Amino acid sequence: MTPDSLEGAHSIARRGLMLVLSSPSGAGKTTISRALLKSDGNISMSISVTTRQPRPGEEHGKDYFFITEDEYHRMVKAGELMEHARVFDNFYGTPRAYVEKQLAEGHDVLFDIDWQGTQQLKASAGSDLVSVFVLPPSIAELEKRLRGRAQDSEDVVRNRMSRASHEMSHWPEYDYVVVNRNVEQSISQVNAILVAERLRQRRRAAGLVAFVNAMRGES
Ligand code: 5GP
């Protein structure tokens, strides 16, 4: 465990937490994730593996690890993925080693995964997991954002629109729900969730015992 930078000189060691952001494609979760990663030094992104083709501008090792189906099935079999799911027509999964190392060192990890992966992580990680569902302000706005990307074909856009309402039905499974009307406001809401969750007593129990004992010993 490492000190929580938010607490400065009086830092208290704690376990890292897993912050999941889920939403239908186009609801704005990528923008929120990027802003959070930029402004906060103690959280890093879990980079997933996927069998889908890279979109223009996407980089191997930065956006995803782009792998073959054979490699994906090998990783699943070897237990190298913390969770894995088929989303649309492709397979996705979270490499285990990176996440476990970060958490053990007291660093937080951000996940951009769907509801299936979130359910799996919740079952295995319990209270280490904090889940946030990002809703678009309306279906019309969601469609506008998906078309605005202009990277996916018409078929893909239509397919994702039809999946959006199904995906959105999973919001009750999440700890928090953010309606992304205004991206700046959504970023500060997710940041507030992160700040509060870091202060939870149960994440800092060991550090607090040492801290309070030391104070009492001084008196
Ligand atoms: P895209 O192909 O547009 O990058 O992502 C499609 C969907 O797959 C998104 O909802 C994204 O959250 C989800 N996804 C990305 N990586 C993972 C992963 O490792 N596991 C799971 N379960 N879903 C993922």
Side-chain angles (χ1 to χ4, degrees), residues 18-34 36-37 43-103 107-125 128-136 142-143 145-171 173-174 180:
M18 301 161 74
L19 183 69
V20 169
L21 289 186
S22 294
S23 74
S25 307
K29 109 198 114 165
T30 309
T31 313
I32 297 171
S33 310
R34 286 201 184 129
L36 209 64
L37 292 167
I43 192 161
S44 64
M45 193 81 200
S46 160
I47 300 171
S48 299
V49 296
T50 181
T51 59
R52 84 153 161 75
Q53 292 299 306
R55 298 198 185 106
E58 283 185 332
E59 284 175 42
H60 180 82
K62 184 165 167 272
D63 300 284
Y64 282 104
F65 296 105
F66 295 97
I67 59 170
T68 61
E69 283 204 20
D70 282 351
E71 176 64 0
Y72 171 82
H73 291 300
R74 187 202 64 73
M75 291 180 89
V76 171
K77 215 167 154 193
E80 291 174 20
L81 300 178
M82 274 190 121
E83 61 74 35
H84 54 92
R86 186 186 178 124
V87 187
F88 309 120
D89 295 325
N90 299 295
F91 296 106
Y92 296 82
T94 300
R96 181 188 301 282
Y98 176 79
V99 177
E100 288 184 346
K101 181 166 185 289
Q102 294 299 310
L103 296 180
H107 301 305
D108 304 322
V109 183
L110 182 64
F111 299 78
D112 173 344
I113 61 175
D114 82 332
W115 60 272
Q116 304 173 83
T118 307
Q119 283 185 353
Q120 292 171 42
L121 288 188
K122 207 167 188 172
S124 60
D128 280 349
L129 190 84
V130 178
S131 60
V132 182
F133 199 89
V134 181
L135 285 171
L142 183 71
E143 184 164 359
R145 290 180 194 172
L146 272 180
R147 291 190 184 283
R149 275 187 193 174
Q151 285 178 358
D152 292 316
S153 67
E154 183 66 24
D155 265 5
V156 171
V157 172
R158 242 184 281 126
N159 191 2
R160 289 192 172 185
M161 284 305 297
S162 73
R163 293 287 300 261
S165 84
H166 173 68
E167 288 185 41
M168 279 192 277
S169 72
H170 287 277
W171 67 265
E173 295 152 29
Y174 285 71
N180 188 20

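All values below were derived from every heavy atom in this structure, side-chain atoms included, with hydrogens, water molecules and symmetry-related copies excluded. Not measured: the values here are computed from a predicted model.
- Atom OG of S46 sits about 10.0 Å away from atom CD of Q102, to the nearest 0.5 Å.
- Looking at residues two or more places apart in sequence or on another chain, you find no ring pair (Phe, Tyr, Trp, His ring centres under 6.0 Å) involving F88.
- Within a 6.0 Å sphere centred on CD of Q53, heavy atoms belonging to other residues, nucleotides or ligands number 12 at most.
- E143 is linked by a salt bridge (Lys or Arg N to Asp or Glu O under 4.0 Å) to R147, counting only residues two or more places apart in sequence or in another chain.
- The shortest non-hydrogen separation linking S48 to P95 is CA-CD, 4.0 Å.
- Remark: S22 OG to H170 NE2 distance equals 10.0 Å, nearest 0.5 Å.
- With sequence neighbours excluded, the residues satisfying side chain to side chain donor-acceptor pair (under 3.5 Å) with N180 are S186.
- A search for salt bridge (Lys or Arg N to Asp or Glu O under 4.0 Å) contacts involving E173 returns nothing, not counting sequence neighbours.
- Residues meeting the salt bridge (Lys or Arg N to Asp or Glu O under 4.0 Å) test with R34, sequence neighbours left out: none.
- Counting only distance, with no hydrogens or angles, the side chain of Q120 and the backbone of H84 share a donor-acceptor pair below 3.5 Å.
- The distance from the CE atom of M82 to the CZ atom of F111 is 6.0 Å, given to the nearest 0.5 Å.
- In this structure, CZ in F65 is found 11.5 Å from CD in E71, a value given to the nearest 0.5 Å.
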Chi angles and distances behind the side chain to side chain contact (heavy atoms under 4.5 Å, CB included) call for Y64, R55
CA-CA 11 Å; Y64 282 104; R55 298 198 185 106; 6.0 Å; no
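- Of the residues V130, V132, I113, the one that meets the side chain to side chain contact (heavy atoms under 4.5 Å, CB included) test with V20 is I113.
- Applying the salt bridge (charged side-chain N to carboxylate O under 4.0 Å, His left out) test to every pair with at least one member in residues 111-124, sequence neighbours left out, gives these pairs: K29-D112.
- Minimum interatomic distance between V134 and S23 (heavy atoms only, all atoms of both residues): O-CB, 2.9 Å.
- Scanning for salt bridge (Lys or Arg N to Asp or Glu O under 4.0 Å) contacts around D63 gives an empty result, with sequence neighbours left out.
- Across every non-hydrogen atom of P24 and M168, the tightest pair is CG-CG, 3.5 Å.
- Taking the side chain to side chain contact (heavy atoms under 4.5 Å, CB included) definition, one finds that S162 meets it with N159, sequence neighbours left out.
- Pairs engaging residues 82-98 under the salt bridge (charged side-chain N to carboxylate O under 4.0 Å, His left out) rule: R96-E100 [sequence neighbours left out].
- If you take CG on L129 and CG on L19, they are separated by 8.5 Å, rounding to the nearest 0.5 Å.
- Under the side chain to side chain contact (heavy atoms under 4.5 Å, CB included) criterion, N90 pairs with T50, T51, R52, Y92, not counting sequence neighbours.
- From M161, atom CE reaches atom CG of L142 across 5.0 Å, with rounding to the nearest 0.5 Å.
- Taking the ring pair (Phe, Tyr, Trp, His ring centres under 6.0 Å) definition, one finds that Y98 meets it with nothing, sequence neighbours left out.
- Between F66 and H60, the ring planes lie tilted relative to each other; the angle falls in the 30° to 60° range.
- Remark: D70 engages T68 in a side chain to side chain contact (heavy atoms under 4.5 Å, CB included) (not counting sequence neighbours).
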